[in-house]
Amino acid sequence: MSDVRRWSLTENAPLQTLNTFHVAATAPRLLQVFDPHVLPEALAAVSGRPLLVLGSGSNVLIAADPDATVLVFGNEDIRILEHRADHALVRAGAGVNWHQLVMWSLTEGLSGLENLALIPGTVGAAPIQNIGAYGVQVDEFIHAVDAWDTAEQAFVRFEPAQCRFGYRDSLFKQRPDRYLITAVELRLPFLHSLRMEYAGIHEELETMGVELPGAADVANAVISIRRRKLPDPDVLGNAGSFFKNPILPGEQVEVLRRHFPQLPVFPAGDDSLRKVSAAWMIESCGWKGHREGDAGVAPSHALVLVNHGNATGAELLALARKVSASVREKFGVAIEPEPRLIGAQW
Ligand code: FAD
Ligand code: EPU
């Protein structure tokens with residue numbers, strides 16, 4: 001029998017409120033774990049069956065009912081482990097809402113996470129695709145990732161170098177459901193140089209009338225820009241960017257730029273590679289604001305697929321495939337989904 005205070009098991013659980021596309025689906029079992037210490041006991045109750053870990057479901061597309069026990073963490077504790085002269089070490093449970101952690105860190109006088117304000121989802125999912133926005137990725141601030149290794153049946157701790165963080169990538173993303181992330185530790189500075197180079201931040205701060213910005217001002221600027229550009233999943237179901245920005249060899253990008261001089265190109269962290277804007281290519285194929293039944297492309301951002309009401313995951317995926325095929329045809333570039341596909345392969 002489950003100890004209801006520390007974990008609980010529900011049969012035939014609806015998933016519509018557990019994914020931000022608000023696609024209707026049912027899981028055979030939902031396992032909620034409020035204290036990771038009881039994971040061995042809670043997992044024993046569903047042993048032998050496949051697992052699917054979900055946070056807030058803001059980076060998944062459920063194309064079919066999962067044949068798996070959905071595991072959700074409900075540990076929502078945040079604490080400062082250590083105060084040093086120039087930084088603090090913060091530990092947050094997997095179930096903590098990411099944006100709440102960002103806002104909490106700012107009220108504690110800690111900085112670093114301000115550019116990552118308003119990213120939906122949980123702390124446990126943040127390392128999965130190494131969340132990033134406005135010129136910052138979370139791996140810069142990660143001190144350690146604690147997890148349960150389902151293969152070894154043991155708690156494990158990862159140093160940042162072991163996590164293989166990349167652009168929208170990590171060891172955890174490459175091996176879905178092997179490591180159940182239970183908590184993340186972050187090293188957050190009291191003072192650091194603010195990152196305001198990303199297009200739009202300076203202008204937003206100017207509009208706000210801020211002359212000498214602090215970390216909280218940058219967070220507010222990022223929040224305003226995001227509210228303007230990205231649809232609110234509570235109003236219009238979506239999973240943020242549906243496609244990653246492709247990273248291509250420099251020579252290929254030069255050729256593309258000869259044909260499409262306005263294509264936005266960004267550094268990719270390696271001199272021989274460039275990141276190109278998937279949103280621009282999709283918009284240039286005419287998809288922005290397009291709608292097929294209840295599946296559509298957001299009118300405010302071409303990279304975001306939206307559910308106008310009752311779209312199924314399969315319908316959203318069919319639209320994504322058409323978008324990707326047209327980009328491949330016009331630009332010769334393969335674009336790949338960012339969210340995890342559940343019940344389908346790309
Ligand atoms: P889920 O969607 O529930 O899960 C995502 C993946 O992580 C799945 O593979 C899941 O199995 C796995 N997972 C979740 N929790 C755990 C855990 N505890 N242990 C192991 N695996 C786990 N992302 C960005 O990087 N930058 C952005 O700017 C950004 N903007 C967004 C804007 C909107 C409007 C939306 C809807 C999404 C946006 N995203 C963005 C994507 C999303 O918010 C992030 O990927 C987020 O980290 C997902 O968190 P989640 O808890 O919802 O994870
Ligand atoms: N653009 C268009 N059409 C559009 C939207 C954008 O042509 O409809 C062009 C803009 O002109 C701009 C470029 O695309 O030059 C980049 O746009 P934006 O700044 O909105 O960034 P993005 O590349 O589309 C990425 C992330 C977002 C993150 C923002 C801000 C990916 C896949 N997406 O989007 O992350 O919030 O930068 O840093 O890297 C997510 O991952 O879910 C997500 C929302």
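All residue numbers in this chain count up from 1 along the given sequence. When a ligand or atom number is given, it counts from 1 through the structure's own listing order.
Looking only at heavy atoms of the protein, atom 37 (O) of ligand 2 is closest to Tyr198 OH, 3.3 Å. Among protein heavy atoms, atom 39 (O) of ligand 2 sits closest to Tyr167 OH, 2.7 Å. In this structure, the protein non-hydrogen atom closest to atom 39 (N) of ligand 1 is Ile119 CG2, 4.2 Å. In this structure, the protein non-hydrogen atom closest to atom 45 (O) of ligand 1 is Gln129 NE2, 3.0 Å. Of the protein's heavy atoms, Arg226 NH1, 3.5 Å lies nearest to atom 36 (O) of ligand 2. In this structure, the protein non-hydrogen atom closest to atom 53 (O) of ligand 1 is Ala125 CB, 3.3 Å. Of all protein heavy atoms, the one closest to atom 40 (C) of ligand 2 is Ser241 OG, 3.2 Å. From the protein, the heavy atom lying nearest to atom 6 (C) of ligand 2 is Ala279 CB, 3.6 Å. Closest to atom 38 (O) of ligand 2 among all protein heavy atoms lies Tyr134 N, 2.7 Å. Scanning the protein heavy atoms around atom 22 (C) of ligand 1, the nearest turns out to be Ile128 CD1, 3.7 Å. Remark: minimum distance from atom 47 (O) of ligand 1 to any protein heavy atom is reached at Ile131 CG2, 3.2 Å. Given atom 41 (O) of ligand 2, the protein heavy atom at minimum distance is Glu338 OE1, 2.7 Å. At the shortest separation from atom 11 (O) of ligand 2 among protein heavy atoms lies Pro264 CG, 4.6 Å. Nearest protein heavy-atom contact of atom 30 (N) of ligand 1 is Arg226 NH2, 2.7 Å.
Of all atoms in ligand 1, listed by their number and element, those nearer than 4.0 Å to a heavy atom of Leu54 are 3 (O). Of all atoms in ligand 1, numbered sequentially from 1 with element shown, those under 4.0 Å from a heavy atom of Phe73 are 18 (N).
Summarising the local packing, CZ of Arg321 is surrounded by more than 12 heavy atoms from other residues, nucleotides or ligands at distances under 6.0 Å. Crowding of Leu191 atom CG: a count of heavy atoms from other residues, nucleotides or ligands under 6.0 Å not exceeding 12. For CD of Glu206, the number of neighbouring non-hydrogen atoms (other residues, nucleotides, ligands) closer than 6.0 Å is 12 at most. Annotation for Asp271: atom CG does not count as buried by contact number, only 12 or fewer foreign heavy atoms lying within 6.0 Å. Around CG of Asp77, the count of heavy atoms belonging to other residues, nucleotides or ligands within 6.0 Å exceeds 12. For Asp149, the CG atom sits in a packed shell: over 12 heavy atoms of surrounding residues, nucleotides or ligands are nearer than 6.0 Å.
Between Asn130 and ligand 1, not a single N/O pair is under 3.5 Å apart. At least one N or O atom of Val53 sits closer than 3.5 Å to an N or O atom of ligand 1. Residue Ala302 has at least one N or O atom closer than 3.5 Å to an N or O atom of ligand 2. For the pair Asn245 and ligand 2, the shortest N or O to N or O distance falls below 3.5 Å. Close N/O approach between Ile181 and ligand 1 is found [any backbone or side-chain N/O within under 3.5 Å]. Polar contact with ligand 1: present for Gly55 (N/O pair, distance under 3.5 Å).
Geometrically, Lys275 engages Tyr167 in a cation-pi contact defined by less than 6.0 Å to the ring centre and at most 45° from the axis.
One side chain, His37 or Asp35, offers a donor N or O that lies under 3.5 Å from an acceptor on the other.
Closest heavy-atom approach to atom 27 (C) of ligand 2 within the set Arg168, His301, Lys275: this belongs to Arg168. The heavy atom nearest to atom 26 (N) of ligand 1, considering only Gly132, Gly57, Ala133, Ser170, is found in Gly132. Of all the listed residues (Tyr179, Phe242, Trp148), Tyr179 holds the heavy atom that lies closest to atom 20 (C) of ligand 1.
Counting heavy atoms closer than 4.0 Å to ligand 1, residue Thr122 contributes atoms from both its backbone and its side chain. Contacts with ligand 1 closer than 4.0 Å are made by no heavy atom of Asp232, backbone or side chain. Contacts between Trp98 and ligand 1 below 4.0 angstrom, taking non-hydrogen atoms only, are absent altogether. The side chain of Arg168, and not its backbone, has at least one atom closer than 4.0 Å to an atom of ligand 1 (non-hydrogen atoms only; side chain from C-beta on).
Using a 4.0 angstrom heavy-atom cutoff, Phe243 counts as in contact with ligand 2.
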Could you tabulate the donor-acceptor pairs under 3.5 Å formed by side-chain atoms of residues 257-265, not counting sequence neighbours?
{"from": "Arg257", "atom 1": "NE", "to": "Pro261", "atom 2": "O", "distance (Å)": "3.4"}
{"from": "Arg257", "atom 1": "NH1", "to": "Leu263", "atom 2": "O", "distance (Å)": "3.0"}
{"from": "His259", "atom 1": "ND1", "to": "Val255", "atom 2": "O", "distance (Å)": "3.1"}

